[in-house]
Asks: 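Could you have a look at this structure, given as structure tokens, before my questions?
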2 protein chains.
Amino acid sequence: MNLLSQRWIGLIIYQLLSGPQRFCHIEAAIGVSGKVLSERLKDLENEGIVERNIYPETPVRIEYSLTEKGLAFESILRDIEHWSQSWLEA
Amino acid sequence: MNLLSQRWIGLIIYQLLSGPQRFCHIEAAIGVSGKVLSERLKDLENEGIVERNIYPETPVRIEYSLTEKGLAFESILRDIEHWSQSWLEA
DNA sequence: ATCAGTCAGTTACTTTATGTAACCTATTAT
DNA sequence: ATAATAGGTTACATAAAGTAACTGACTGAT
């Protein structure tokens, strides 16, 4: 709960459910500042929820993806989605 | 999501799942400051998730409880609980 | 009548978190 | 050499949260 009630955590995981993504892409998609995204991704990596993969291409590409632990979050987020659809019509 | 990622919202709803409760009780149970609890309860009331019931006893008793919309949150919170138990053993 | 106690908050002030925009480092292309 | 791109970080400003003291309505005891 302390995890989810941190701002952006839910949206970041939700965003990553659609597949591995790079820093800039996540930033643009959910509208979080680079500073906070950087902090959150480090936290999520330490929690073992997110993985950081470096592809030494040119230019370098770094992708963030969910681990098994992170993927297990999906049902929670689908549930939230479902609740929203049922109750936030107004 | 913007709702749940506000600090304390999840814990307040979780706490209210165990039944109607008064201000002081919620405050003590989850360790939120009176100031923020007051704000959050107002927000939740405006969202139609929480109800405020006044019992003009002596001294006055005011209880907060979940509406139908709020009770529909239960499955989300149970899911989070379940996830925690599965993954936060370490 | 006055003092202390309870409940449900509010207010003033401090600390922490977040946002903004500029900057840094490494690599490659021109 | 200069500029562009990716992936951040830093310094500074604003917003949110914590703390502790206070208000206001009521009651019960002195």
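Here is how names work: the chains are called A, B, and so on, in the same order as the sequence lines, proteins then strands, and each is numbered from 1.
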Asks: To the nearest 0.5 Å, what is the distance between CD on A:E74 and CG on B:D79?
Replies: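 Going from CD on A:E74 over to CG on B:D79, the span is 11.5 Å.
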Asks: Round to the nearest Å and state the distance from A:E27 atom CD to C:dT20 atom P.
Replies: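 Distance check: A:E27 CD to C:dT20 P gives 11 Å.
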Asks: Under a 4.0 Å N-O cut-off, is there an ion pair linking B:K42 with B:E45?
Replies: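 Salt bridge: no.
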Asks: Looking at B:Y14, I'd like to know if its OH atom is crowded, meaning that more than 12 non-hydrogen atoms belonging to other residues, nucleotides or ligands lie closer than 6.0 Å.
Replies: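 No, because the 6.0 Å sphere around OH of B:Y14 holds 12 heavy atoms or fewer from other groups.
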Asks: For a side-chain contact (heavy atoms from CB on, under 4.5 Å) check, start with the C-alpha distance between B:Y64 and B:L16, then their side-chain angles and the critical distance, and finish with the verdict.
Replies: CA-CA 8 Å; B:Y64 293 91; B:L16 287 175; 4.3 Å; yes
Asks: Walk me through whether A:I12 and A:Q15 qualify under side-chain contact (heavy atoms from CB on, under 4.5 Å).
Replies: CA-CA 5 Å; A:I12 291 169; A:Q15 184 62 31; 5.7 Å; no
Asks: Both A:P59 and B:V32 contact DNA chain D. Taking the nearest nucleotide for each, which residue is further toward the 5' end?
Replies: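 Nearer the 5' end of the strand: A:P59.
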Asks: Might you work through the side-chain contact (heavy atoms from CB on, under 4.5 Å) test for A:W83 and A:L88, ending with a clear yes or no?
Replies: CA-CA 8 Å; A:W83 181 91; A:L88 299 180; 4.2 Å; yes
Asks: What is the distance, rounded to the nearest whole Å, between atom CZ of A:R61 and atom P of C:dT27?
Replies: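 Rounded to the whole Å, the gap is 17 Å.
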Asks: Measure the distance from CG on A:N53 to P on D:dG7 and round it to the nearest whole Å.
Replies: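 Distance, rounded to whole Å: 12 Å.
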Asks: Distance check: side-chain N/O of A:Y64 vs OP1/OP2 of D:dG8, anything under 4.0 Å?
Replies: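 So the side chain of A:Y64 is within the cut-off, an N or O lying under 4.0 Å from OP1 or OP2 of D:dG8.
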Asks: Heavy-atom count check: over 12 atoms from other residues, nucleotides or ligands less than 6.0 Å from B:N53 CG?
Replies: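 Count over threshold, so yes.
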Asks: May I have the distance from B:L37 (atom CG) to C:dG9 (atom C1'), rounded to whole angstrom?
Replies: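 In whole Å, C:dG9 C1' lies 10 Å from B:L37 CG.
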Asks: C:dA8 P sits how many Å from B:E45 CD, rounded?
Replies: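 Taking CD of B:E45 and P of C:dA8, I get 14 Å after rounding.
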Asks: Round to the nearest Å and state the distance from B:D43 atom CG to C:dG9 atom P.
Replies: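 B:D43 atom CG is separated from C:dG9 atom P by 14 Å.
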Asks: Under 3.5 Å between N/O atoms: give me all the protein pairs with nucleotides 15-18 of chain C, atom names plus distance.
Replies:
unit_1 : atom_1 : unit_2 : atom_2 : d
C:dT18 : OP1    : A:R40  : NH2    : 2.8
C:dT18 : OP2    : A:R40  : NH2    : 2.8
C:dT18 : O4     : A:K35  : NZ     : 3.4

Asks: Starting at CD1 of B:I62 and ending at P of C:dG9, how long is that distance when rounded to a whole Å?
Replies: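 Going from B:I62 (CD1) to C:dG9 (P), I get 4 Å.
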Asks: Check the distance between D:dT5's P and A:H25's NE2 and give it to me in whole angstrom.
Replies: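 Rounded to the whole Å, the gap is 17 Å.
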Asks: Are A:S38 and D:dT9 close enough that a side-chain N or O sits under 4.0 Å from OP1 or OP2?
Replies: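 It does, given that an N or O in the side chain of A:S38 lies less than 4.0 Å from OP1 or OP2 of D:dT9.
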Asks: Would one find a side-chain N or O of B:K42 under 4.0 angstrom from OP1 or OP2 of C:dT10?
Replies: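 Yes, within the criterion.
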